[in-house]
Amino acid sequence: MKSSVSIVRCPGYDVDRVLDGLRQSINLIGGIQTFIKRGDRVLLKPNLLYGKSPEKAVTTHPAIVKGMIQIIREVGGIPFIGDSPSIGSLTRTAEKAGIKAMADEMKCSLVEFNRPVLPFKEGGKIFKQLEIDQTVLEADVVINLPKWKTHAQMLLTLGVKNLFGCIPGSRKALWHLKVGDDRKAFAQILLDVYQIIQPSLTILDGIVGMEGNGPNSGQPIEMGLILASRDSLSLDQIACDLLGISRRTLLTNRVALEQGIGEDKIEVLGERVEEVRISNFKLPTLSQIDWGLPRFLSKALKNALTSKPIIDQERCKRCDQCTEICPPKALSNQVKDMVFDYKQCIRCFCCLEVCPEGAISIKPGWVLRLVGRKQKAVGN
Ligand code: SF4
Ligand code: SF4
């Protein structure tokens, strides 16, 4: 079947306008009744990476989740919200992100992912031992609700990347550790998770997205768009079109297309890409260039070829969230300063993701600085 993605304008988070925008976007791809039957338990998987207020654009906006709860109930579905934040409990994160108050108001339950199991049908294509949360596997329908943001390691976090949250808590760090600084292998994990879960519907919150130093410390950018699709991969490709970058720039797209997963021909419904293209969107500083060098040489030149995390010691409050999350324990809280062990560092940028003070940023390797290239220009 031909893959389709709908694009709808929605200028702000007024709940009625968002509800209207969601309805339009879903109607364009067949209507909610084509995804949900009466009595279905429907998991809503927002991006609840970290507990920050909705205006910071770190998490999926409560108005999107609220609208979906209403739409699902209209056809007799039973919605609930689930996720596994990078750090801290789901309840605390959801409180800060405005999701908890909305969920209480709507009498919709919040379920923390903390029951890792191997999928009962099929594991990952490459990574066979990927454990997904049981709640996800037991849901009759999964609706993926990503936020449109930049991502220091993977360039962007959209539909496919959002599902990484379905791997419970600390298991995420293990997978980071397993693939080390191999971004392509990490993209493969993301693709495997996507193929195991196969959400029925993906709706991208692109009303206010994040540009720059994402996924936690970038700047909000008003884009005024909602995208919807049955296929997260198609949706991610159209998001690249809207940013004016090659679809293969996003590594998850590239890995998928190389394996014949996903399509080049995607039908766009609603607004035309040319009419709503987002100009001057700031991508994150390039974290790595695929120079095509032999692995031993890439390893030897790691510091020159890749970006690395650095800390603004003045801003740092010594909360230790970064040291806790760091998969290889390459970061330590020492008497005078926070200190990185760059030989151990796998450039996953989880530390940057969780720092509540925005004290961690990315310093490009000297070769990267020299050539002054940004990911936007690379198309890798
Ligand atoms: S998370 Fe940020 S504020 Fe906390 S110790 Fe690390 S750098 Fe400092
Ligand atoms: S120091 Fe930061 S970027 Fe390096 S491995 Fe640890 S969490 Fe990842």
Side-chain angles (χ1 to χ4, degrees), residues 3 5 7 47 49 57 125-126 144-165 175-176 179 181-195 197 199 202-206 209-215 218 221 223 225 227-266 268 273 276-291 306-307 347-349 352-353 362 373-380:
S3 183
V5 176
I7 306 176
N47 184 329
L49 166 83
K125 290 272 180 292
I126 309 286
N144 186 19
L145 299 177
K147 183 81 170 170
W148 188 326
K149 295 192 295 178
T150 48
H151 191 278
Q153 185 195 23
M154 300 308 288
L155 187 70
L156 293 166
T157 165
L158 302 166
V160 171
K161 172 77 178 68
N162 190 46
L163 296 168
F164 191 54
W175 285 105
H176 272 298
V179 296
D181 58 3
D182 187 340
R183 290 168 68 238
K184 208 167 174 187
F186 188 59
Q188 181 66 58
I189 288 179
L190 298 177
L191 194 61
D192 277 0
V193 172
Y194 165 66
Q195 289 197 285
I197 298 173
T202 296
I203 297 180
L204 180 64
D205 174 3
M210 178 181 283
E211 62 176 356
N213 201 19
I221 171 172
M223 303 190 294
L225 296 177
L227 271 63
S229 181
R230 294 169 184 271
D231 176 20
S232 307
L233 263 171
S234 297
L235 183 143
D236 288 2
Q237 291 181 70
I238 297 302
C240 290
D241 292 356
L242 286 164
L243 294 177
I245 60 176
S246 151
R247 292 178 179 181
R248 288 176 187 243
T249 305
L250 189 60
L251 216 42
T252 40
N253 286 344
R254 185 163 106 191
V255 170
L257 291 168
E258 279 173 3
Q259 291 167 32
I261 304 164
E263 307 174 30
D264 284 328
K265 286 199 174 59
I266 302 166
V268 175
V273 169
V276 287
R277 211 184 281 282
I278 298 142
S279 52
N280 302 321
F281 182 92
K282 291 192 199 80
L283 289 166
T285 309
L286 180 64
S287 63
Q288 199 175 35
I289 293 176
D290 178 6
W291 299 86
T306 62
S307 301
R347 278 38 173 195
C348 63
F349 299 105
L352 181 144
E353 229 173 89
I362 299 174
R373 292 170 77 178
K374 300 271 180 184
Q375 187 89 39
K376 188 169 182 173
V378 175
N380 69 338

Is there a donor-acceptor pair under 3.5 Å between the side chain of [X] and the backbone N or O of [Y]?
X	Y	answer
Arg347	Ser307	yes
Asn47	Asn162	no
Thr150	Gly214	yes

Per the side chain to side chain contact (heavy atoms under 4.5 Å, CB included) rule, which among Leu163, Asn253, Leu233 passes with Leu191?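 With Leu191 as partner, side chain to side chain contact (heavy atoms under 4.5 Å, CB included) holds for just one option, Leu233.
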
Which value, rounded to the nearest 0.5 Å, describes the distance between [X] atom [atom1] and [Y] atom [atom2]?
X	Y	atom1	atom2	result
His176	Gln153	NE2	CD	6.0 Å
Asn144	Leu235	CG	CG	8.5 Å
Asn213	Leu283	CG	CG	12.0 Å
Thr252	Ile261	OG1	CD1	11.5 Å
Leu243	Arg277	CG	CZ	9.5 Å
Lys161	Asp236	NZ	CG	11.5 Å

Do [X] and [Y] make a side-chain contact, defined as non-hydrogen atoms from C-beta onward lying under 4.5 Å apart?
X	Y	answer
Leu190	Met154	yes
Ile238	Arg247	yes
Glu211	Met223	no
Ile7	Leu242	yes
Cys240	Thr249	no
Phe186	Leu251	no

Heavy-atom pair with the smallest gap, counting every atom of [X] and [Y]:
X	Y	answer
Gly159	Ser232	C-CB, 4.0 Å
Pro215	Thr157	CB-CG2, 4.3 Å
Arg248	Arg254	O-CB, 3.6 Å
Lys147	Asp205	NZ-OD2, 2.9 Å

Any idea how Trp148 and Phe281 line up, ring-wise: parallel (<30°), tilted (30 to 60°), or perpendicular (>60°)?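 Correct class here is tilted.
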
What I want to check is whether the side chains of Asp241 and Gln237 have a donor and an acceptor closer together than 3.5 Å.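 Side chains of Asp241 and Gln237: no pair found under 3.5 Å.
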
Walk me through it: do Leu158 and Leu250 pass the test side-chain contact (heavy atoms from CB on, under 4.5 Å)? CA-CA 10 Å; Leu158 302 166; Leu250 189 60; 3.9 Å; yes

Tell me, with the steps shown, if Ile245 and Leu156 meet side-chain contact (heavy atoms from CB on, under 4.5 Å). CA-CA 11 Å; Ile245 60 176; Leu156 293 166; 4.2 Å; yes

Evaluate the criterion side-chain contact (heavy atoms from CB on, under 4.5 Å) for residue pair Val179 and Gln188; output intermediate values, then yes/no. CA-CA 10 Å; Val179 296; Gln188 181 66 58; over 6 Å; no

